[in-house]
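Here's the structure we're looking at; comments come further down.
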Protein chains: 2
Amino acid sequence: MNDRLTTEDVHRYFPEFVEPGLLQVIANEGRIHRFAEGGVIMDYGNYVRMLPLILEGTIKISRQADDGSELFLYYLTRGESCAMTFSCCMAAKRSEIRAVAEEDTVILGLPQPKLDEWMMRYKSWKNFVMQAYDQRMNELVRTIDQVAFQQLDERLADYVSKRAAIREDRTILSTHQAIADDLHVSREAISRLLKTMENRGMVALGRNRITLLQPS
Amino acid sequence: MNDRLTTEDVHRYFPEFVEPGLLQVIANEGRIHRFAEGGVIMDYGNYVRMLPLILEGTIKISRQADDGSELFLYYLTRGESCAMTFSCCMAAKRSEIRAVAEEDTVILGLPQPKLDEWMMRYKSWKNFVMQAYDQRMNELVRTIDQVAFQQLDERLADYVSKRAAIREDRTILSTHQAIADDLHVSREAISRLLKTMENRGMVALGRNRITLLQPS
DNA sequence: TTCCCTGTGTGACCCGGATCACCGATTGGC
DNA sequence: GCCAATCGGTGATCCGGGTCACACAGGGAA
């Protein structure tokens, strides 16, 4: 199985990369890695030595408290990269987050030592990295808004619609417990709220399955 | 009153800037702005057209919910800059945050159009910007940790010691109401918790005054 | 001094979500 | 088809913090 991309592939996945030299080095240096759904791409405390560009699939990024409990932060999907990882790469720090494949996922891993150099050489790379930081920063601020300002019912509604959007499907396959973990609340609270959402005709519930009924 | 810095000044405030050309353009393009304690440097919704480098003083960055209530995010102090602002500059977006002078503060404002160009020309500028993003990202994650995982008593203790550290003084001048706003909780909760901290010998309380007793 | 305003202390009650306990329903393995 | 494990539903109770009400204290202004 081939673990490289051609320059044409790189350009197809990332049309924002325009310099031929950049396409060339990404094709040369990048290595393809595949993860099955649920596969742990990076865990809390790991050292990070490569930057993942997502070619296919979706990655779930979450934060872990010291006691092991989690909090969902955001999804990354095709064409995106992970600014938190970039930051860890640069400083040779341990990861502060956990990344898990939400579905079968293919990434292109770029070796840490080159990334910084490319910033000054290729404008479109620099823009890509800056934009990645930007987007993640905004996601983090929105996460703070949610945790600090919103009630659980709103958070749950947002979570469900976001997760449905990622799947491009109105049905989510997940247990109440898994959702509770992501939102860092109790399973009972989620069960009760989902029930009231069902009573209001917002969702249909089944074992391991939630279907959005209302257009969000 | 002079509103410029010499290249020597720039180098003194920001020893990490090494390229003579960089020192020169910063000295040429930068304009000094002064804010009294409590002055609003940037408000939610403003357009951002300059990047502030902090020369003296401290700036408090906070997030505002739609209903006007706030949440303290972090402090910026001398030698630092504001990545959120940088991000807004680049995208010509409205500010997502509010910046208020925590004490009398002097900043050097750099004009938005030049910043991006410097990234590719001056390595030490690029490193400075990347490091700024990094630090803010980490602060945001730590804020999320606090809001999501910690109890109010811990959050308050952290807040008090952080604020004392910024002042380099064991005494904080602030009302309970102001603290409650920063932590986005009720005044009564803060009053009660401070009282129990006083009973435990952790702080001494006075009108508009909190003094840390225990070494943190 | 007196008055008033702001800041603080405190009780009573409310409410969302946590926790505990337990039951029933679904499903996968055999 | 049976069993065990997992998943979901639901009541009881607890607890942290919000909200309301009000009393009191300190300090500045006249």
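Bear in mind the structure is a predicted one, so any value in this text is a computation, not a measurement. So that the names make sense, note that chain A is the first sequence line, chain B the second, and so on, each numbered from 1.
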Can you label the angle between the B:Phe72 ring and the B:Tyr75 ring as parallel, tilted or perpendicular, going by 30° and 60°?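 Ring orientation, 0 to 90° scale: tilted.
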Atom pair distance, as rounded to whole Å: [atom1] in [X] and [atom2] in [N]:
{"X": "B:Asp181", "N": "D:dG18", "atom1": "CG", "atom2": "P", "answer": "12 Å"}
{"X": "A:Met197", "N": "D:dG8", "atom1": "CE", "atom2": "P", "answer": "15 Å"}
{"X": "A:Glu188", "N": "D:dC7", "atom1": "CD", "atom2": "C1'", "answer": "12 Å"}
{"X": "B:Leu205", "N": "D:dA25", "atom1": "CG", "atom2": "P", "answer": "16 Å"}
{"X": "B:Asn208", "N": "C:dT8", "atom1": "CG", "atom2": "C1'", "answer": "11 Å"}

Would you classify B:Leu152 as touching base, sugar-phosphate or nothing, given that sugar-phosphate means primed atoms plus P, OP1 and OP2, and contacts are heavy atoms under 4.0 Å?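 Since only primed, P, OP1 and OP2 atoms lie under 4.0 Å of B:Leu152, the category is sugar-phosphate.
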Sugar-phosphate, base or nothing in reach of A:Thr175, heavy atoms under 4.0 Å: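 Here A:Thr175 touches the backbone only, sparing every base.
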Presence of A:His184 side-chain N/O under 4.0 Å of C:dG17 phosphate oxygens OP1/OP2: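 No, no such contact exists.
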Indicate whether OP1 or OP2 belonging to D:dC7 is found under 4.0 Å from a side-chain N or O atom of A:His176.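 Negative; the distance criterion is not met.
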Could you check whether the side chain of B:Arg192 and the base of D:dT19 have a donor-acceptor pair of N or O atoms closer than 3.5 Å, going by distance alone?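 Under the 3.5 Å cut-off, the side chain and the base do form a donor-acceptor pair.
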Pi-cation contact, B:Tyr44 with B:Arg94 (under 6.0 Å, within 45°):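 Because its charged atom misses either the 6.0 Å distance or the 45° angle limit, B:Arg94 does not stack over B:Tyr44.
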Between A:Arg155 and A:Tyr159, does any side-chain donor sit less than 3.5 Å from a side-chain acceptor?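 Side-chain D/A pair, A:Arg155 to A:Tyr159: absent.
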Under 3.5 Å side-chain donor-acceptor pair for A:Asn199 and A:Thr196: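 Checked: A:Asn199/A:Thr196 side chains show no N/O donor-acceptor pair below 3.5 Å.
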If each of A:Gln150 and B:Lys195 is mapped to the nucleotide of DNA chain C with the nearest heavy atom, which maps nearer the 5' terminus, i.e. the 5' end?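 Looking at the nearest nucleotide for each, B:Lys195 comes out on the 5' side.
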Among the nucleotides C:dT19, C:dG9, C:dT26, which one has an atom lying closest to any side-chain atom of A:Arg207?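 Within the option list, the nearest is C:dT26.
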Using the side-chain heavy atoms of A:Ala189, tell me which of these nucleotides is nearest: D:dG9, C:dA18, C:dT10.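 Between D:dG9, C:dA18, C:dT10, the one nearest the side chain of A:Ala189 would be C:dA18.
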I want to confirm an ordering. Mapping B:Arg187 and A:Gln177 to their closest nucleotides on DNA chain D, which one lands closer to the 5' end?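 Nearest-nucleotide comparison on DNA chain D picks A:Gln177.
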